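Down below is the structure, laid out as structure tokens.
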There are 2 protein chains.
Amino acid sequence: MTQGKGGRYHHGDLRAALIDTAIELIAEQGVRSFSLAEASRRLGVSVSAPYAHFVDRDELLAAVAVQAYELFYAELVPQLSQFQTPADRLAAVARAYVRFAGVHRPLFEMLFEAGLDKSRHPELEAAEKPIDNAFLSCVRALPDPGETTSEDLARAIEATAHGYTMLLLDGSFGQPHEAVELAAERAARASLALVESRHLLSRPSVG
Amino acid sequence: MTQGKGGRYHHGDLRAALIDTAIELIAEQGVRSFSLAEASRRLGVSVSAPYAHFVDRDELLAAVAVQAYELFYAELVPQLSQFQTPADRLAAVARAYVRFAGVHRPLFEMLFEAGLDKSRHPELEAAEKPIDNAFLSCVRALPDPGETTSEDLARAIEATAHGYTMLLLDGSFGQPHEAVELAAERAARASLALVESRHLLSRPSVG
DNA sequence: GTCTATACCCGGATAGAC
DNA sequence: GTCTATCCGGGTATAGAC
């Protein structure tokens, strides 16, 4: 899909092709079992070829993760303009969060299971930030912020969306496609509940 | 710790020793890199010895996971009797949930990252259930259940606790020990907020 | 129940030719 | 930039002796 000539990548964009193939393989077998060797095999290049473009396996995985974050964010964005109130937008973003994980499961898993060292791959933090900001900007648009900081409420909602996502991926909502919608809907509702009782987020939890 | 004689396990309880050693190794290096070979080395037995007690690597890991669930549950239980109201107990359980993950991080991670096939290891589901029940029994003790089912509210709180836990382990709350308490406290407060607005969990999230 | 030995497969990574 | 060839390490699992 990226080379010009025959079956070889002599003059093609092997770097991009490796990223695409890595996504394919991760989607098929998960990050755990991903290897440069297999990616090379699938592309019909030698096992040493990737090292001309990535210093090691982790650098390729980091590039994949960045792309995954971008896709993730791209699927959250449309929700922001589709609802009127900030609260509804928050619910929609939470719903989209869970949906993304359900639809692009291996991609989502790799973001959290690849075991990439973020200090060695600073691009990852940058790629992740827009997602945090999607929640945060909605929270900031709420009237009456109350005592709770925007960051805390945004984090509560993101945590909840993330938590539902994990339960979904773990099978707690069953296997079929309806499970995705079910979990997504629950996350959306919980988000509304957190918004409603956000004043409690900044108080001692027990008397 | 389980054998009687010298450095060999000829007459010791190798099975139990393997589980203990696995926990050690997982605590040191995470599940990812755990191998039967290394566990054998550390115990001073041959690499083939474990196969007399476990059919394969996964069966040992499953046994470890069961033990991890038991410890997890054991740390939640004391919270149940320490607070008066059901809501406070829910907050306390959520707090303890996050704390467990913070204190026994590798153990917690293995429960969700080991990649164990639950259909092949039914013991896992059974070992997990008491934790779900800890949340559920508190919810059931709430006055005025409202329209939302107990299961839904319990799951919302567990999802939130789980989500905060993931953010904590991912470094979103910083590195030091205070991060654990911070995340745990946020989870506790969010639980109270969900209890307070639980009526919203059973309604459509957008009009 | 544990040993030794072995067969097997896999991955990461490098050197040097083209 | 890609190849071939190779080294090195690791893990899983089995066979057969004790």
Side-chain angles (χ1 to χ4, degrees), chain A residues 1-22 24-26 28-64 110 113-117 120-121, chain B residues 1-22 24-26 28-64 110 113-117 120-121:
Chain A
M1 109 196 315
T2 40
Q3 90 266 43
K5 297 194 176 176
R8 302 285 173 94
Y9 279 86
H10 278 251
H11 301 291
D13 189 351
L14 180 57
R15 185 190 155 88
L18 279 166
I19 294 177
D20 289 347
T21 302
E24 283 177 24
L25 286 171
I26 290 168
E28 291 167 17
Q29 311 166 354
V31 211
R32 284 176 218 292
S33 58
F34 171 77
S35 71
L36 284 183
E38 192 170 358
S40 303
R41 249 177 269 130
R42 181 165 294 201
L43 280 171
V45 298
S46 74
V47 293
S48 68
Y51 291 92
H53 302 276
F54 302 95
V55 300
D56 61 12
R57 175 182 182 272
D58 276 3
E59 200 176 282
L60 170 55
L61 283 182
V64 171
M110 92 143 294
E113 290 181 22
L116 294 174
D117 188 348
R120 284 173 54 97
H121 304 278
Chain B
M1 116 195 309
T2 39
Q3 90 264 43
K5 296 196 176 176
R8 302 287 174 96
Y9 279 87
H10 280 252
H11 302 291
D13 189 350
L14 181 56
R15 185 191 155 88
L18 278 167
I19 293 176
D20 289 346
T21 302
E24 283 178 23
L25 285 172
I26 289 168
E28 291 169 18
Q29 311 164 356
V31 211
R32 284 176 218 293
S33 58
F34 171 78
S35 70
L36 283 183
E38 192 170 357
S40 304
R41 248 177 271 130
R42 181 166 293 200
L43 279 171
V45 299
S46 74
V47 293
S48 68
Y51 292 92
H53 303 275
F54 302 95
V55 301
D56 59 13
R57 175 183 181 272
D58 275 4
E59 199 175 283
L60 170 54
L61 283 182
V64 171
M110 92 143 294
E113 291 181 20
L116 295 174
D117 188 348
R120 284 174 54 99
H121 304 279

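Letters A, B, ... mirror the listed sequences (proteins, then strands); counts begin at 1. Quick caveat, the model's predicted, so the values are computed rather than measured.
R32(B) pairs by the side-chain hydrogen bond (donor to acceptor under 3.5 Å, both in side chains) definition with E113(B), not counting sequence neighbours. In this view, E38(A) and L25(A), Q29(A), S35(A), R41(A) satisfy the side-chain contact (heavy atoms from CB on, under 4.5 Å) rule, not counting sequence neighbours.
The stretch residues 31-39 of chain A has no heavy atom under 4.0 angstrom from DNA chain D at all. Remark: V47(A), S48(A), Y51(A), D56(A), R57(A) in residues 47-60 of chain A come within less than 4.0 Å of DNA chain C through at least one heavy atom.
In this structure, CE on M110(B) lies 4.5 Å from CD1 on I26(B), to the nearest 0.5 angstrom.
Residues A63(B) and I19(B) share a closest heavy-atom pair of CB-CD1, 3.8 Å. Nearest heavy atoms, V64(A) versus A22(A): CG2-CB, 3.7 Å.
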Pairs of donor and acceptor atoms involving the side chains of residues 48-56 of chain B, under 3.5 Å and at least two apart or interchain, shall be tabulated with distances.
unit_1 : atom_1 : unit_2 : atom_2 : d
S48(B) : OG     : S46(B) : OG     : 3.2
D56(B) : OD1    : D58(B) : N      : 3.3
D56(B) : OD1    : E59(B) : N      : 3.1

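Each of T21(A), L14(A), D20(A) was evaluated against L18(A); a single residue qualifies, L14(A), per the side-chain contact (heavy atoms from CB on, under 4.5 Å) test.
dT2(D) atom P lies 10 Å from atom CG of L43(A), rounded to whole Å.
Here the side chain of R57(B) pairs a donor or acceptor atom with the backbone of F34(B) at under 3.5 angstrom.
Between dG11(D) and R41(B), a contact under 4.0 Å exists linking OP1 or OP2 to a side-chain N or O.
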